[in-house]
> 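Sharing a structure, written as structure tokens. Questions coming.
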Amino acid sequence: MSEVTATPTHFIHEIIEADNAARKWGTWPDGRPRVHTRFPPEPNGYLHIGHAKSICLNFGLAKHYGGKFNLRFDDTNPCKEEQEYVDSIVEDVRWLGGDWEDRLLFASDYFKQMYDWACLLIKKGKAYVCDLTPEETSKHRGSLTRPGTNSPFRDRSVAENLDLFDRMRKGEFPDGSRTLKAKIDMASPNLNLRDPVMYRILHAEHHRTGNAWCIYPMYDWEHGLEDSIEGITHSICTLEFENHRPLYDWFIDAINEGETSPIHHPQQIEFARLALTHSLMSKRKLLELVKDGHVRGWDDPRMPTVSGLRRRGYTPESVRAFCADIGVARFNGVIEVVRLENALRDHLNKIAPRRLAVLRPLKLVIENFPEGAVEELDAVNNPEDAAAGTRKVPFSKVLYIEREDFAETPPKGYFRLFPGNEVRLRYAFFVKCTGCVKDPATGEVTEVHCTYDPATRGGDSPDGRKVKGTIHWVSAAHAINAEVRLYDHLFKTTEPEDVPEGVSYLTNLNPESLVTLSGCKLEPSLAACEARRDSHGTLTPDRVQFERHGYFCVDPDSKAGALVFNRAVSLKDSWAKAKGR
RNA sequence: UACCCGGUAGUGUAAUGGUAGCACAGCAGGUUUUGGUCCUGCUUGUCGAGGUUCGAAUCCUCGCCGGGUAGCCA
């Protein structure tokens, strides 16, 4: 069975496979059925995980069926769009693995063609220049339950419409004074069909066309034309455009009516956008979080933006796996964010080198270990990947262990260090706790003491003796210092936007979403880690597993000798779960 | 009280007139030099009522519930 005829995994596959079987969209030169998708962002903000779903869908479909994928900027509103956003979107789509080859396209490049088609519609009596103000237009539209009323300018002559539209283009009229509208049906139950605006007057500088135009096309008019020009077969968008589909079809049909060589008519298909628990996808609110300083920027590791995920330590592979895993449907649900976190764990478990790192250090003194001696011990780099090999880790008389790995009076089921208990120091020796030293003023434990069994070197006892606990450690004399940032959900509630009337979603912000730890003690090999960048300048930080903690990556805030690590995701912790009960 | 679209375990997603399955979460156990990984088992579901049919998650009707739509935004 060839890849192309594999079992469909969702309804869009079914549509495409039926189209392919019927050769609905023709074929490529090599004879295979044509599939051509696109991702059409407006460059007015940063991409987030919801966009990633769309990118993976569109690019994935093109790739699966041996088709093509375009990256097209839908830059038809000069008031909101900026080059900065174009650049970040290009970077994010590329990072996610989207390949548009030489087709990085801009809707603004089609302005002249769209204008000509608009004139054609005027000549066909299907479009007219309307002098109604925005407020009047709104009134004439009627309501959800009342039909609209015709504009008094609806029946202007073709000649007058052509003249007025030409003068709109030349900039003779002020912003908002006139529009070009499609003549459809003011009584349609679908409000989108009540003589929608095709062009508005905007004397604004466009990021690419400058001042060449002072009329700009509206989404409903423009979008299908862009798809048509590019030969898009399946124009995939989100569910809220469902009511717009009749208009998408109407415009292209209107252009084609009576023509001997009709333009290409793609098929619009809607799917459910992504929503994640403990998260937010609204561009406006994301911007607010950045502007008001609730996060450190668009790429704050707590943000659901693609750049945030990247800085957090997510791999493109894990984001793609997540998008494939959650599926595509026509139901607006909410995905549990643990699914995303799990996708990362899955990938990093396979590829991340293991390292020893003590986040909240507590001194462990080995009473019977010779002063000044150093043992070089072999540590496995990745138990999931034998090819990753081993490394040497220095061991000495004074170590750091995790504060939470010692308890003077252990809770039930605790099998870490406590007086009289023996545990294994990972890759090193068995040690038996002999007691601890406390600060007489505060009562805080400042040092733990133990003895080690030299016969257990490497972590196995020749006499077959077993220990229940294995803890990690770092040699105090060899440790390097680092800052570690622990992240938790930005919002403490599952659906942060779900707030009572008059209450801000900001009240759902999690005050503990960022915990910064300084003076963390890392094994010396970690000194070589970097916040690397690829040949495009895109961040690809080194990622490691700190054993028993989680997966971490190097943050670009790092400086020589002062590394900063971000926790991408913790390891599953059944002990923490058991304690919580 | 208009039109459009939806409703399957806690969450998401399959089954397209023929045994309601999968993933994640949860629970229990096994393995383990990470309380990780891995492995095994278990709990939990077709919004409701009618109808068509030998047989309905699927088709029909009527309800109920949810989402979308009244920008010169996309």
Side-chain angles (χ1 to χ4, degrees), chain A residues 7-11 14 40-42 44 74-77 79-81 130 132-135 137-139 141-148 175-181 188-194 196-202 215-216 218-220 222-223 237-246 270 272 277 283 325-336 338-339 341-343 345-346 349-350 354 356 379-380 383-384 413-416 424-428 430 456 458-460 466-472 494 545-550 570-579:
Chain A
T7 310
T9 51
H10 54 70
F11 78 99
E14 291 186 13
E42 182 188 14
N44 72 341
D74 204 2
D75 54 349
T76 58
N77 185 351
C79 307
K80 297 165 59 176
E81 296 153 8
C130 181
L132 255 25
T133 64
E135 297 71 32
T137 291
S138 178
K139 275 208 185 72
R141 187 152 36 227
S143 75
L144 294 175
T145 50
R146 296 244 172 287
D175 289 4
S177 60
R178 286 175 220 265
T179 57
L180 184 73
K181 289 179 178 172
S188 172
N190 182 342
L191 272 61
N192 295 126
L193 262 20
R194 319 244 264 226
V197 173
M198 296 166 63
Y199 279 93
R200 76 281 212 184
I201 300 171
L202 245 31
I215 54 170
Y216 289 90
M218 297 288 292
Y219 173 86
D220 286 312
E222 137 265 295
H223 203 85
C237 61
T238 45
L239 249 27
E240 71 270 25
F241 290 104
E242 202 162 1
N243 296 331
H244 295 244
R245 195 189 332 136
E270 309 86 20
T277 61
K283 268 185 190 177
D325 186 46
I326 57 176
V328 177
R330 291 174 59 82
F331 173 73
N332 267 318
V334 183
I335 305 284
E336 291 172 334
V338 294
R339 298 275 292 273
E341 295 165 352
N342 241 321
R345 279 196 197 97
D346 255 17
N349 177 47
K350 294 187 189 85
R354 271 55 169 176
L356 301 180
V380 173
E384 305 293 316
Y414 187 86
F415 37 82
R416 277 111 100 144
R424 171 168 39 234
L425 294 177
R426 183 100 160 129
Y427 305 125
F430 284 11
T456 57
D460 272 318
K466 300 287 183 201
V467 288
K468 293 200 85 168
T470 299
I471 66 174
H472 60 277
T494 55
Q545 183 195 100
F546 289 170
E547 294 213 27
R548 301 210 301 135
H549 280 301
S570 67
L571 252 26
K572 284 187 187 165
D573 188 348
S574 57
W575 168 240
K577 199 188 279 182
K579 267 194 311 183

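Every heavy atom of this structure was used, including side-chain atoms; hydrogens, water molecules and symmetry mates were not. Every value quoted in this text rests on a predicted model; they were computed, and no experiment measured them. Within every chain, numbering begins at 1; the chains are lettered A, B, ... in the order of the sequence lines, protein sequences first and strands thereafter.
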> If we ignore angles and hydrogens, is there a donor and acceptor under 3.5 Å between the side chains of A:Thr76 and A:Glu222?
yes

> Under 3.5 Å for both donor-acceptor distances, Watson-Crick or wobble: does B:A70 have a partner, and if so which one?
none

> For A:Val467, which contact category applies under a 4.0 Å heavy-atom criterion: base, sugar-phosphate, or nothing?
nothing

> At 4.0 Å (heavy atoms only), tell me whether A:Ser574 reaches a base, stays on the sugar-phosphate, or touches nothing.
sugar-phosphate

> Send over the distance from A:Glu240 CD to B:C5 C1', rounded to a whole Å.
12 Å

> For A:Asp460, report the nucleic acid contact type (base, sugar-phosphate, nothing); a contact means any heavy atom under 4.0 Å.
base

> Can you tell me if A:Arg416 touches the phosphate of B:U34, counting only side-chain N or O atoms and a distance under 4.0 Å to OP1 or OP2?
no

> Between the base of B:U34 and the side chain of A:Gln545, is there any donor-acceptor pair under 3.5 Å?
yes

> Round to a whole Å and report the spacing from CZ of A:Arg146 to P of B:A2.
11 Å

> Looking at A:Lys181, I'd like to know whether one of its side-chain N or O atoms comes within less than 4.0 Å of OP1 or OP2 on B:C72.
no

> Provide, to the nearest angstrom, the distance between the CD atom belonging to A:Glu270 and the P atom belonging to B:C5.
10 Å

> Taking only N and O in the side chain of A:Thr76, is any of them less than 4.0 Å away from OP1 or OP2 of B:A74?
yes

> Does OP1 or OP2 of B:A70 have a side-chain N or O of A:Arg194 closer than 4.0 Å?
no

> Stacking between B:G35 and A:Trp575, yes or no? Criterion: centroid separation under 5.5 angstrom, plane angle under 30 degrees.
yes

> Under 4.0 Å between any heavy atoms, over every strand shown, what does A:Arg424 touch: base, sugar-phosphate, or nothing? Just pick one.
base

> Starting at the 5' end of RNA chain B and moving along, which residue's nearest nucleotide shows up first, A:Ala329 or A:Pro189?
A:Pro189

> For B:U46, which nucleotide in any strand shown is its Watson-Crick or wobble partner with both distances under 3.5 Å?
none

> Nearest to the side chain of A:Arg339 - B:G71, B:A23, B:C5?
B:A23

> Measure from the side chain of A:Glu384, starting at C-beta and using heavy atoms only, and say which of B:G26, B:U37, B:C4 lies closest.
B:U37

> Using only side-chain N and O atoms of A:Lys139, determine if any of them is under 4.0 Å from OP1 or OP2 of B:A70.
no

> Given 3.5 Å as the limit, does a donor-acceptor pair link the side chain of A:Arg194 with the main chain of A:Ser188, or not?
yes

> Given atom NZ of A:Lys572 and atom P of B:C39, what is their separation to the nearest angstrom?
11 Å

> With rounding to the closest Å, how many angstrom separate the C1' atoms on B:U31 and B:U40?
11 Å

> Name the residue closer to the 5' end of RNA chain B, choosing between A:Glu336 and A:Asp346 according to the nucleotide with the nearest heavy atom.
A:Glu336

> Indicate whether OP1 or OP2 belonging to B:U69 is found under 4.0 Å from a side-chain N or O atom of A:Arg141.
no

> Does A:Tyr414 reach a base, just sugar-phosphate, or nothing at all? Heavy atoms under 4.0 Å.
base

> At under 4.0 Å between heavy atoms, what does A:Val380 touch on the DNA or RNA strands: base, sugar-phosphate, or nothing?
nothing

> Select base, sugar-phosphate, or nothing to describe what A:His472 touches, counting heavy atoms under 4.0 Å on all strands.
nothing

> NA contact type, A:Gly333, heavy-atom cut-off 4.0 Å: base, sugar-phosphate, or nothing?
sugar-phosphate

> Would one find a side-chain N or O of A:Thr470 under 4.0 angstrom from OP1 or OP2 of B:U32?
no

> Pick from A:Arg416, A:Arg424, A:Arg426: which one makes a side-chain contact (heavy atoms from CB on, under 4.5 Å) with A:Ile471?
A:Arg416

> Short question: side chain of A:Arg345, backbone of A:Gly550 - any donor-acceptor pair under 3.5 Å?
no

> Does A:Glu42 reach a base, just sugar-phosphate, or nothing at all? Heavy atoms under 4.0 Å.
sugar-phosphate

> Considering only atom P, compute the distance from B:A9 to B:U44 and round it to an integer number of Å.
14 Å

> Specify the glycosidic conformation (syn or anti) of B:G10, with syn defined as within 90° of 0.
anti

> Which whole number of Å gives the distance between the P atom of B:U69 and that of B:U58?
30 Å

> Would you say the side chain of A:Arg548 and the base of B:G35 hold a donor-acceptor pair, judged only by whether the two atoms sit under 3.5 Å apart?
no

> Looking at A:Ser143 and A:Thr145, would you say the former's side chain and the latter's main chain have a donor-acceptor pair under 3.5 Å?
yes

> If you look at every strand shown and take non-hydrogen atoms under 4.0 Å, does A:Leu571 touch a base, only sugar-phosphate, or nothing?
base

> Counting Watson-Crick and G-U wobble pairs only, both distances under 3.5 Å, name the nucleotide matched with B:G18, or none.
B:C54

> Using a 3.5 Å distance criterion without hydrogens, assess whether the side chain of A:Asn190 forms a donor-acceptor pair with backbone atoms of A:Pro246.
no

> Say you pick atom C1' in B:U8 and the same atom in B:C47; how far apart are they, in whole Å?
10 Å

> According to a strict under-4.0 Å criterion, is A:Asn342 in side-chain N/O contact with OP1 or OP2 of B:A25?
yes

> Between atom CD in A:Glu547 and atom C1' in B:U32, what is the gap in whole Å?
13 Å

> What nucleic acid atoms does A:Tyr216 come within less than 4.0 Å of, heavy atoms only: base, sugar-phosphate, or nothing?
nothing

> Any side-chain N or O of A:Arg245 less than 4.0 Å from the OP1 or OP2 oxygen of B:C5?
no

> So what's B:C27 paired with, Watson-Crick or G-U wobble, going by both distances under 3.5 Å?
B:G41

> The side chain of A:Leu191 lies closest to which of these nucleotides: B:C4, B:U37, B:A70?
B:A70

> Figure out the CZ/P separation between A:Arg426 and B:U34, and round it to whole Å.
5 Å

> Counting any heavy atom closer than 4.0 Å, what does A:Lys80 reach on the DNA or RNA strands: base, sugar-phosphate only, or nothing?
base

> Remember a base hit wins even if backbone is also touched, and classify A:Pro383 as base, sugar-phosphate or nothing at under 4.0 Å, heavy atoms.
base

> Out of B:C72, B:G26, B:C4, which has the shortest distance to the side chain of A:Pro134?
B:C72

> What I want to check is whether the side chains of A:Glu547 and A:Tyr427 have a donor and an acceptor closer together than 3.5 Å.
yes

> Roughly how many Å is it from CG in A:Leu144 to P in B:G71, rounded to a whole number?
10 Å

> Classify the nucleic acid contact of A:Gly413 as base, sugar-phosphate or nothing, counting any heavy atom under 4.0 Å across all strands shown.
base

> Calculate the interatomic distance between A:Glu135 atom CD and B:A70 atom P; express it in whole Å.
16 Å

> From C-beta outward on A:Phe331, which listed nucleotide comes closest to its side chain: B:A14, B:U13, B:U69?
B:U13

> Show your reasoning for whether side-chain contact (heavy atoms from CB on, under 4.5 Å) applies to A:Asp75 and A:Glu42.
CA-CA 6 Å; A:Asp75 54 349; A:Glu42 182 188 14; over 6 Å; no

> Taking atom types as they are modelled, would you say the side chain of A:Arg354 forms a donor-acceptor pair with the base of B:U34 within the 3.5 Å cutoff?
yes

> Just by distance, do the side chain of A:Ser138 and the backbone of A:Pro134 share a donor-acceptor pair under 3.5 Å?
no

> Taking the six-membered ring for Trp, are A:His244 and A:His223 closer than 6.0 Å centroid to centroid?
no

> Could you please name the partner base of B:C64, counting Watson-Crick and G-U wobble pairs only when both distances are under 3.5 Å?
B:G7

